[in-house]
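Before any comments, here is the structure.
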Protein chains: 2
Amino acid sequence: MVSIKDVASQAGVSVATVSRVLNSKGYVSEDTRKKVEQAIAELNYKPNEVARSLFKKQSKTIGLIVPDITNPYFPELARAVEDTAAKLGYTVILCNSDGKTEKEQHYLDVLMQKYVDGIIVSSNTISERQIKSLQIPFVSIDREISKDIPTIVVENKKGAKLATQYLQNKGCMRIAHISGPLNVVNANERCEGYKEVVRNEQWFNESYIGNGHFEMDSAIEATLELLQLHPEIDGIFAANDTMAIGAIKAVHKIGKRTPDDIAIVGFDGISLSKATTPELTTIEQPIYEMGEKAASMLIEFIEEKPVEKTFYRLDVGLVERESS
Amino acid sequence: MVSIKDVASQAGVSVATVSRVLNSKGYVSEDTRKKVEQAIAELNYKPNEVARSLFKKQSKTIGLIVPDITNPYFPELARAVEDTAAKLGYTVILCNSDGKTEKEQHYLDVLMQKYVDGIIVSSNTISERQIKSLQIPFVSIDREISKDIPTIVVENKKGAKLATQYLQNKGCMRIAHISGPLNVVNANERCEGYKEVVRNEQWFNESYIGNGHFEMDSAIEATLELLQLHPEIDGIFAANDTMAIGAIKAVHKIGKRTPDDIAIVGFDGISLSKATTPELTTIEQPIYEMGEKAASMLIEFIEEKPVEKTFYRLDVGLVERESS
DNA sequence: TGTTAATAGGTAACCGGTTACACACATAGT
DNA sequence: ACTATGTGTGTAACCGGTTACCTATTAACA
């Protein structure tokens with residue numbers, strides 16, 4: 001690989017001068033600048049980012065820790081983060097934590113050792129203290145860790161209420177909920193939103209809430225149980241789209257129809273929701289926008305630019321399709 | 001951040017000695033080793049990977065260039081690559097090229113500047129010459145570039161034949177194909193496989209092949225056209241699952257049923273194929289295994305370990321579900 | 001006892017950039 | 001004529017590791 005020294009000798013100047021034209025910093029005469037630029041072009045020189053990182057103590061790289069890129073919510077987020085980072089001259093290291101503390105800790109260590117300039121994380125086990133101790137810019141996405149950590153989340157409760165009320169308006173008399181793992185903030189908020197709407201209904205009690213893990217199989221099981229316990233259920237709000245699809249499958253399995261017998265609404269608005277038959281009515285999150293915002297905010301922190309707002313709770317909206 | 005010097009002075013030895021215990025290389029007495037290890041533990045010292053990279057000219061990082069992580073085929077691949085890389089002590093930088101030459105070139109430059117140790121790429125525009133000129137380990141995945149570049153692909157033609165013959169065996173008399181972009185090797189091979197099976201049928205001609213771009217919308221359109229032109233079609237083989245889902249939708253749209261009126265088979269075996277109603281019959285690729293193989297092979301090259309085989313054409317299999 | 005090899009550990013060069021500092025020269029102001 | 005200021009460029013220290021090379025000590029063996 002050609003180094004700055006090669007360029008310097010080719011252009012007949014010192015490495016300092018080459019560095020100056022590279023960074024447009026300090027005084028360089030028009031003449032020498034041209035000579036250096038020509039040498040750079042002739043040798044097809046590309047500065048070594050590693051050497052630069054070592055001195056500058058920053059790497060133009062950010063870390064993105066997600067539970068599992070295979071979960072259809074995250075590719076779109078990752079794409080948005082990567083797009084934005086690339087546009088601003090950064091590169092992104094992808095980490096899958098499976099939501100496990102050890103893995104998260106391990107990746108945090110690795111990322112710090114590689115001098116990443118900042119980290120975007122979607123986690124519910126990382127603590128505020130831990131993040132602060134790292135001393136580098138951080139953005140939490142999809143899950144709220146603390147009011148003190150820059151965060152991008154959505155109106156989970158509002159969305160859940162929207163979904164539940166919508167089912168009511170559609171004429172559903174008994175609306176069940178399939179929740180995510182309730183120790184995860186967003187799952188909890190969605191469950192709360194649901195409860196706020198149905199709490200005062202005569203028929204309501206906790207047994208109308210089935211527990212899922214944000215995955216399809218768990219939702220199929222939960223739906224089956226729910227429908228056995230309460231055959232009169234005519235509406236289901238699932239805490240994410242994957243589970244909503246599971247619910248559709250379960251409903252189908254016992255010979256009922258969606259939406260005629262049971263209307264179903266999901267949450268997330270992943271692209272999957274448009275691929276099913278019937279297409280899924282869902283509470284859509286601005287996933288791409290979230291990733292974009294997270295990346296651009298993180299990079300503003302990194303570059304010490306002024307950041308007006310550090311806590312975003314983005315709006316969600318109902319997208320009406322065929323499952324309701 | 002605590003550096004090797006801090007550890008050295010804390011332990012009362014030179015930095016060379018610390019480095020020796022860090023790398024278990026060269027002579028170090030049991031006594032000093034313990035002192036150093038204690039100092040490391042006390043200071044919670046983590047060696048700076050950037051400094052290491054600079055000297056060693058390698059970064060324990062690999063690049064993964066895919067067209068679009070949002071395309072449901074790639075998250076599983078990326079997950080496999082990342083899992084395997086992490087297990088072997090490497091980190092992965094994710095790049096989305098959209099299949100565009102400029103973006104690929106740009107990422108290649110960036111990755112080289114960051115001293116990545118190797119690159120895994122899924123591309124049909126990068127040339128063999130280009131790859132060779134980079135002088136670092138390379139693995140091409142999902143798409144064959146040249147017999148001379150380490151590659152992981154699947155039996156596309158065989159899979160396509162399998163799918164088409166299966167539809168024949170199911171009693172389909174007129175089988176259409178929705179192809180991917182034919183300039184992409186794998187799409188082309190799948191189309192060839194289809195043609196090999198139906199070429200000699202009396203009814204067959206090229207107008208039974210509709211052109212898609214591996215995306216749902218293009219497949220819906222293509223299917224609609226196909227069915228208008230040939231209302232007698234009773235089987236469709238789509239070159240990937242996303243398009244198969246599009247086909248299902250199109251069939252549904254004109255009031256026909258899957259599989260009763262028209263049987264549909266896809267290709268890929270993405271997790272999406274299990275989420276639809278009806279669930280998709282498809283030619284399943286060992287996606288995770290491909291990513292795993294690509295990463296472990298790449299790292300074998302990087303670490304200059306012996307590699308027995310550099311060209312893998314993995315087997316595919318028919319997974320029979322409800323759409324056929 | 002002298003020679004050789006193995007063990008132990010320090011010094012400093014090196015990786016490829018960036019930048020503080022020094023120095024030279026030109027120009028302007030008094 | 002003298003000083004201050006601005007411009008242009010080179011030298012070398014520095015970032016935090018790794019390792020070639022050197023020296024010293026001890027053990028082994030003829």
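Being a predicted model, the structure only gives us computed values, none of them experimental. Chain letters run A, B, ... following the sequence lines, proteins first, then strands; residues in each count from 1.
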What is the separation between atom [atom1] on [X] and atom [atom2] on [N], rounded to the nearest whole Å?
X: Asp6(A); N: dG17(C); atom1: CG; atom2: P; value: 9 Å
X: Gln58(A); N: dT18(C); atom1: CD; atom2: C1'; value: 12 Å
X: Leu43(A); N: dG17(C); atom1: CG; atom2: P; value: 12 Å
X: Leu54(A); N: dT18(C); atom1: CG; atom2: C1'; value: 10 Å
X: Leu22(B); N: dT19(D); atom1: CG; atom2: P; value: 11 Å
X: Asn23(A); N: dG17(C); atom1: CG; atom2: C1'; value: 9 Å
X: Glu49(B); N: dG17(D); atom1: CD; atom2: P; value: 10 Å
X: Arg33(A); N: dT9(D); atom1: CZ; atom2: P; value: 11 Å

If only side-chain N and O atoms of [X] are considered, is one of them under 4.0 Å from the OP1 or OP2 phosphate oxygen of [N]?
X: Ser14(B); N: dG10(C); answer: yes
X: Tyr45(A); N: dG17(C); answer: yes
X: Lys57(A); N: dC14(D); answer: no
X: Thr32(A); N: dT9(D); answer: yes
X: Asn48(B); N: dC15(D); answer: no
X: Ser3(A); N: dG16(C); answer: no
X: Lys25(A); N: dT18(C); answer: no
X: Thr17(B); N: dG10(C); answer: yes
X: Tyr27(B); N: dA8(C); answer: no
X: Ser53(A); N: dG17(C); answer: no

In terms of the nearest nucleotide of DNA chain C, which residue is placed more toward the 5' end: Val13(B) or Ile4(A)?
->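 The 5'-side residue here is Val13(B).
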
Could you check Lys56(B) against Val28(B) and say which one's nearest nucleotide on DNA chain C is further toward the 5' end?
->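 It is Val28(B), whose closest nucleotide lies nearer the 5' terminus.
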
With the side chain of Ala16(A) defined as its heavy atoms from C-beta on, choose the nearest nucleotide among dC15(D), dG17(D), dT19(C).
->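 Closest nucleotide among those given: dT19(C).
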
From the options dT18(D), dG9(C), dT18(C), select the nucleotide whose nearest atom is closest to the side chain of Ser19(B).
->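 So the nucleotide nearest the side chain must be dT18(D).
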
Salt bridge present between Lys305(B) and Glu303(B) (N-O < 4.0 angstrom) |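 Yes, charged N to carboxylate O under 4.0 Å.
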
Electrostatic pair Arg79(B)-Glu82(B), nearest N-O below 4.0 angstrom =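 Salt bridge absent between Arg79(B) and Glu82(B).
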
Which atom pair, heavy atoms only, marks the closest approach of Gly180(B) to Phe214(B)?
->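 It is CA-CE2, 3.7 Å.
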
For Tyr115(A), does its backbone N or O pair with a side-chain atom of Ser59(A) as donor and acceptor, under 3.5 Å?
->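 Pair found, side chain donor or acceptor close to backbone of Tyr115(A).
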
Among Arg33(B), Lys35(B), Lys34(B), whose salt bridge (Lys or Arg N to Asp or Glu O under 4.0 Å) with Glu37(B) holds?
->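 Only one of Arg33(B), Lys35(B), Lys34(B) forms a salt bridge (Lys or Arg N to Asp or Glu O under 4.0 Å) with Glu37(B), namely Arg33(B).
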
Straight-line distance of Ile152(A) CD1 to Gln285(A) CD, nearest 0.5 Å =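 The distance works out to 12.0 Å.
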
Gap between atom OG1 of Thr84(B) and atom CE of Met297(B) - 0.5 Å precision =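 If we round to the nearest 0.5 Å, Met297(B):CE and Thr84(B):OG1 are 12.5 Å apart.
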
Flag for Asn183(B)-Asn124(B): side-chain donor and acceptor within less than 3.5 Å |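 Short answer, no.
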
Any N or O donor-acceptor pair linking the side chain of Arg20(B) to the base of dG10(C) at under 3.5 Å?
->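 Yes.
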
Using the C1' atoms of the five pairs at each end, what is the angle between the end axes of the helix from dT1(C)-dA30(D) to dT30(C)-dA1(D), to 10°?
->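 The helix from dT1(C)-dA30(D) to dT30(C)-dA1(D) shows an end-to-end axis angle of 50°.
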
